[in-house]
Amino acid sequence: MRVSALAWFTPLTEPKPAPPFFGQERALKALEAAFRQGGHGYLVGPSGLGKRKRLLAYLQDRTFPKEELVYLPLGEEAFPLLLPEGQGRALVEGVEALLAEFTPALFREKGFLYAKSLVEARYEKEAEALLKALAQEAEGYGFALLEGEEGLRLSGKGPMPPELSAKLEETVLAYVDVRQRAEAEVAALRRGFAERFLLPKAQELKRRFPQAGRYLDWVTETLLRAAALEEALKLERLLPRLLVEGGERVVYEPNPSPERLFGHLEYETQEGLLSTHLGLLRPGALHRATGGVLVLEAHRVWELGSYPLLKRALATGEVEPLSPRPEVKGPRLKPAPLKAQVFLVGPPEVIAFLEEDEEFLELFPFRVEFSPEIPYTKENVAYLGGFLEAEGVALTPEGLSALADEARRWTGHKERLDARLYRLLDLAREAQALKRPLDREAVEKALRAREERFGLEEELYLKDLEEGVVALEVQGMRVGEINGLVVVEGPLPRGRPVRITAQAGPGREGILSIDREVGLGGQVFHKAVLTLAGYLRGTYASLGALSATVSLVFEQSYGGIEGDSAGLAELLAVLSAISGLPLRQDLAVTGSLDQTGRVLAVGRVAEKVEGFYRVCQALGLSGTQGVVLPKANLPHLTLRKEVVEAVERGHFHLYAVEEVDEAIELLFGRKAYWVHEKVREVLGEFRKMENGEENPSQ
């Protein structure tokens with residue numbers, strides 16, 4: 001069937017604001033289910049789909065509770081506390097105000113100084129009475145009482161009487177007791193005075209923040225004890241640490257190392273000692289996303305060694321900040337509750353690796369899968385324009401249509417759009433650099449520029465063709481030779497014809513692929529050769545076992561060959577080699593084959609057609625050249641405008657076939673039954689030769 005109606009280009013379309021998940025309804029449903037149930041999930045799909053950016057855009061309109069996370073010191077430990085929004089800051093400010101009351105000025109009040117002086121005077125009087133009594137008794141023995149830095153002593157002539165020595169010891173002990181009782185009463189006085197100022201404020205804080213009662217009791221007791229004993233306190237070690245306050249609760253962490261994911265406690269050096277306190281505690285992404293969503297790149301979580309720690313946190317529901325080295329003195333941190341939903345984002349190969357871990361599937365039950373393609377509809381084209389405009393691209397309806405055409409070409413299907421939006425965005429920005437707002441001409445110039453950047457190999461290939469270095473004919477007839485079509489992979493895949501030749505003779509080896517024998521053919525390629533042999537056995541079964549050896553080879557091919565898209569071309573070359581009938585060289589052939597003779601669809605058919613068209617242009621268009629392809633591939637003919645115009649003008653031709661016989665008639669120029677009869681005739685002669693019934697030299 002000759003194909004002539006090839007117009008497929010996108011009509012002019014006005015852009016329309018795009019929802020984040022346009023064309024990805026499956027992914028959106030899975031995501032909504034994850035949020036309904038509060039479970040963790042992972043977004044999977046090829047790179048360039050904008051999975052992470054779409055998720056973040058979707059989350060912009062959602063509201064999340066903003067609980068505040070506070071870490072409270074309590075002796076040698078520190079424990080977390082979640083408070084409603086605003087209360088974390090209020091608690092910190094309340095404690096700061098309480099600590100501000102604990103200043104030296106507190107004990108310079110007149111009332112305190114007066115009470116202290118009375119206590120000191122009373123005990124001083126008692127001490128003086130003790131010393132006076134000792135002095136009088138010592139005087140009777142001719143000794144004098146002296147008081148110096150070394151304490152109390154008696155000075156006199158001769159040995160000290162035992163009675164006086166005992167009196168001295170008794171007085172010293174009594175004197176020390178007086179001093180101690182004086183200090184204790186002053187300490188009690190200081191504590192009582194501090195209580196008058198601190199306890200009301202501490203009680204008020206406990207009333208406002210009952211969840212922090214233990215901590216506030218500890219702070220109060222620490223302050224009162226320091227007041228009584230006149231100890232110097234490092235007040236920063238008593239302060240709570242407000243780790244998470246307000247802010248956005250949708251967090252994307254591009255560098256999810258353990259420190260940045262779980263938070264860590266820094267330390268400082270003072271006088272050669274390593275120490276830390278809660279003021280040096282740094283929050284991690286899991287803390288900052290409390291009540292909201294944390295988005296992570298799956299491969300980065302794995303590469304940076306955070307995956308085992310993340311699994312443990314999700315399994316236990318706790319986030320434990322990383323502690324400093326063991327020799328660092330400071331509080332031991334209790335883990336905080338994990339109250340964030342975690343979503344990993346990654347390409348299929350990374351996610352497939354993680355899915356091998358059963359724990360992964362238990363912890364991340366929601367698979368949010370993005371399709372690499374979306375339906376080609378007017379609405380989706382309009383949304384595509386809206387997406388580009390939101391990214392800062394100025395474009396006309398003509399420019400949008402040209403970009404949509406390219407998105408359809410990337411999928412290789414007229415009814416689908418490539419969903420790799422950010423790949424298309426790169427092209428749009430390149431076109432916009434040529435003209436703003438971009439139009440179809442700017443897009444086509446950008447595409448030509450890309451082809452030139454990656455076109456050196458193609459240029460050299462066409463030059464070799466023109467010079468005859470690559471042996472290829474696009475006119476005339478040849479026996480056992482046909483032009484197949486392959487795709488050369490690379491940054492810009494290109495179709496290219498390849499000369500396939502076949503030689504046949506008597507024998508028992510059947511179809512022999514030279515490329516397979518030397519190790520250049522892959523498994524799928526070998527499967528196609530075996531399928532070809534199966535077709536021959538079925539078609540010519542009346543002859544019994546095939547008494548033929550047919551060698552097949554891809555000429556001037558020096559790399560690996562894989563795929564089954566040359567199956568039809570190989571069969572035609574084999575039939576030509578056996579029958580001795582020539583094949584048209586102005587037609588290139590692509591198509592897979594099954595054992596019943598049905599022609600099956602292949603990939604990259606548009607690139608293959610365009611590749612043969614370029615070769616024909618280089619060697620000279622005759623007006624009869626064209627491509628034979630599977631009918632099932634008609635929806636995939638997203639051809640460049642110049643090829644479409646060449647076909648419509650009759651300068652180049654496309655033929656769609658469903659069965660082998662249709663291709664036989666096109667390539668041989670004869671009825672298929674006649675070709676089959678010729679093949680049967682020759683195979684019969686081969687059998688006779690094999691059986692010695694006929695001398696091949698006669």
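Values below: all heavy atoms of this structure, side chains included; hydrogens, waters and symmetry mates excluded.
Remark: the backbone N or O of Ala471 is paired with a side-chain donor or acceptor of Gln556 at under 3.5 angstrom. For Gln585 (side chain) and Glu481 (main-chain N/O), a donor-acceptor pair under 3.5 Å exists by modelled atom type. With hydrogens and angles disregarded, no donor-acceptor distance shorter than 3.5 Å links the side chain of Glu509 to the backbone of Gly507. With Arg408 contributing its side chain and Trp8 its backbone, the two residues share a donor-acceptor pair below 3.5 Å. The backbone N or O of Leu683 sits nowhere less than 3.5 Å from a side-chain atom of Lys688 that would complete a donor-acceptor pair. Between the side chain of Ser579 and the backbone N or O of Leu575 there is at least one donor-acceptor pair closer than 3.5 Å. With Arg409 contributing its side chain and Thr638 its backbone, the two residues share a donor-acceptor pair below 3.5 Å. Listed for the Lys51 side chain is a donor-acceptor partner under 3.5 Å among the backbone atoms of Pro46. For the pair Ser401 (side chain) and Pro11 (backbone), a donor-acceptor distance under 3.5 Å is present. Checking side-chain atoms of Lys678 against main-chain N and O of Leu581 turns up no donor-acceptor pair under 3.5 Å.
A heavy-atom distance below 4.5 Å is not found between the side chains of Val44 and Val368. Within the 4.5 Å cutoff, no side-chain heavy atoms of Trp302 are placed close to those of Val350. Residues Glu690 and Arg508 are in side-chain contact: their nearest non-hydrogen atoms beyond the backbone lie under 4.5 Å apart. Side-chain contact between Glu610 and Leu639 is present, with at least one heavy-atom pair separated by less than 4.5 Å. A heavy-atom distance below 4.5 Å is not found between the side chains of Leu552 and Gln503. Between Val474 and Asp586, the closest side-chain pair of non-hydrogen atoms is not below 4.5 Å. Between Leu600 and Leu593 the shortest side-chain heavy-atom distance does not fall below 4.5 Å. Put simply, the side chain of Leu629 reaches to within 4.5 Å of the side chain of Leu637, judged on heavy atoms.
Under a 4.0 Å N-O distance rule, the pair Glu451/Arg448 does not qualify as a salt bridge. Between Asp405 and Arg440, at least one side-chain N (NZ, or NE/NH1/NH2) sits under 4.0 Å from a carboxylate O, which counts as a salt bridge. Ionic pairing of Glu369 and Arg26 is not present here: no N-O contact between side-chain nitrogen and carboxylate oxygen is shorter than 4.0 angstrom. Here Lys445 pairs with Glu441 in a salt bridge; the nearest charged N to carboxylate O distance falls below 4.0 Å. Salt-bridge annotation for Arg367 and Glu355: present, with a side-chain N of the basic residue lying under 4.0 Å from a carboxylate O of the acidic one. Ion pairing of Arg640 with Glu642 is absent here, as no side-chain N (NZ or NE/NH1/NH2) approaches a carboxylate O to less than 4.0 Å.
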Q) Can you list the steps and then say if Arg416 with Ile374 is a side-chain contact (heavy atoms from CB on, under 4.5 Å)? A) CA-CA 6 Å; Arg416 299 173 192 163; Ile374 62 176; over 6 Å; no
Q. Where do Leu536 and Leu571 land on the side-chain contact (heavy atoms from CB on, under 4.5 Å) test, with the steps shown first?
A. CA-CA 9 Å; Leu536 292 175; Leu571 173 62; 3.9 Å; yes
Q. Would Thr396 and Asp439 satisfy side-chain hydrogen bond (donor to acceptor under 3.5 Å, both in side chains), going step by step from the backbone distance to the final call?
A. CA-CA 6 Å; Thr396 63; Asp439 54 14; 5.7 Å; no
Q.
Applying side-chain contact (heavy atoms from CB on, under 4.5 Å) to Leu424 and Asp418, what does each step give before you reach the verdict?
A. CA-CA 9 Å; Leu424 195 68; Asp418 196 300; over 6 Å; no
**Q.** Worked verdict on His676 versus Tyr540 for side-chain hydrogen bond (donor to acceptor under 3.5 Å, both in side chains)
**A.** CA-CA 9 Å; His676 287 307; Tyr540 307 108; 2.8 Å; yes
Q: Please test Asp594 against Thr596 for side-chain hydrogen bond (donor to acceptor under 3.5 Å, both in side chains), starting from the C-alpha separation and ending with a verdict.
A: CA-CA 5 Å; Asp594 68 14; Thr596 67; 2.8 Å; yes
Q: Please assess Glu457 against Arg494 for the test salt bridge (charged side-chain N to carboxylate O under 4.0 Å, His left out), listing each intermediate value before the final yes or no.
A: CA-CA 10 Å; Glu457 184 181 354; Arg494 291 180 181 272; over 6 Å; no
Q: Quick one: do Arg614 and Glu458 satisfy salt bridge (charged side-chain N to carboxylate O under 4.0 Å, His left out)? Show the steps, please.
A: CA-CA 10 Å; Arg614 284 194 301 271; Glu458 181 75 3; 3.1 Å; yes
Q.
Using side-chain contact (heavy atoms from CB on, under 4.5 Å), reason through Glu555 and Ile500 one step at a time and then give a plain yes or no.
A. CA-CA 6 Å; Glu555 301 289 356; Ile500 302 173; over 6 Å; no
Q | Full working for salt bridge (charged side-chain N to carboxylate O under 4.0 Å, His left out) between Glu677 and Arg680 | A | CA-CA 5 Å; Glu677 285 301 319; Arg680 288 190 180 91; 3.3 Å; yes
(Q) Using the rule given for salt bridge (charged side-chain N to carboxylate O under 4.0 Å, His left out), can you reason through Arg453 versus Glu430, listing the C-alpha separation, both sets of side-chain angles and the distance that settles it, and then say yes or no? (A) CA-CA 13 Å; Arg453 289 199 295 271; Glu430 187 172 344; 2.9 Å; yes
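Shown here for Ala573 and Ala502, the closest heavy-atom pair between the two residues is O-CB, 3.5 Å. Here the closest heavy-atom approach between residue His653 and residue Gly623 is recorded as NE2-O, 2.6 Å. Taking every heavy atom of both residues into account, Val574 and Val550 meet most closely at CG2-CG1, 3.9 Å. Scanning all heavy atoms of the two residues, the minimum distance from Gly385 to Leu395 falls at O-CD2, 4.2 Å. Here the closest non-hydrogen pair linking Leu344 and Ala298 is CB-CB, 4.2 Å. Minimum interatomic distance between Leu634 and Met1 (heavy atoms only, all atoms of both residues): CD1-CE, 3.7 Å.
Shown here are the ring-ring contact (aromatic ring centres under 6.0 Å, His included) partners of Tyr58, two or more places apart in sequence or in another chain: Phe21. Not a single ring-ring contact (aromatic ring centres under 6.0 Å, His included) links His651 to another residue, sequence neighbours left out.
Because its NZ or CZ atom is not both nearer than 6.0 Å to the ring centre of Tyr655 and within 45° of the ring axis, Arg2 does not count as a cation-pi partner of that residue. Cation-pi contact between Arg496 and Tyr461: present, with separation from the ring centre below 6.0 Å and deviation from the ring axis of at most 45°.
Ring geometry, Phe387 versus Phe22: the interplanar angle falls from 30° to 60°, so the pair is classed tilted. Classified by interplanar angle (parallel below 30°, tilted 30° to 60°, perpendicular above 60°), the ring pair Phe525/Phe554 is perpendicular.
Each salt bridge (Lys or Arg N to Asp or Glu O under 4.0 Å) pair with one or both residues in residues 653-670, not counting sequence neighbours, appears once here: Lys631-Glu658.
More than 12 heavy atoms of other residues, nucleotides or ligands lie within 6.0 Å of CD in Glu467, so this atom counts as buried by the packing criterion. Other residues, nucleotides and ligands contribute over 12 non-hydrogen atoms within 6.0 Å of the OH atom of Tyr422.
To the nearest 0.5 angstrom, Glu389 atom CD is 8.5 Å from Leu400 atom CG.
Residues Phe668 and Trp674 keep their aromatic ring centres 6.0 Å or farther apart.
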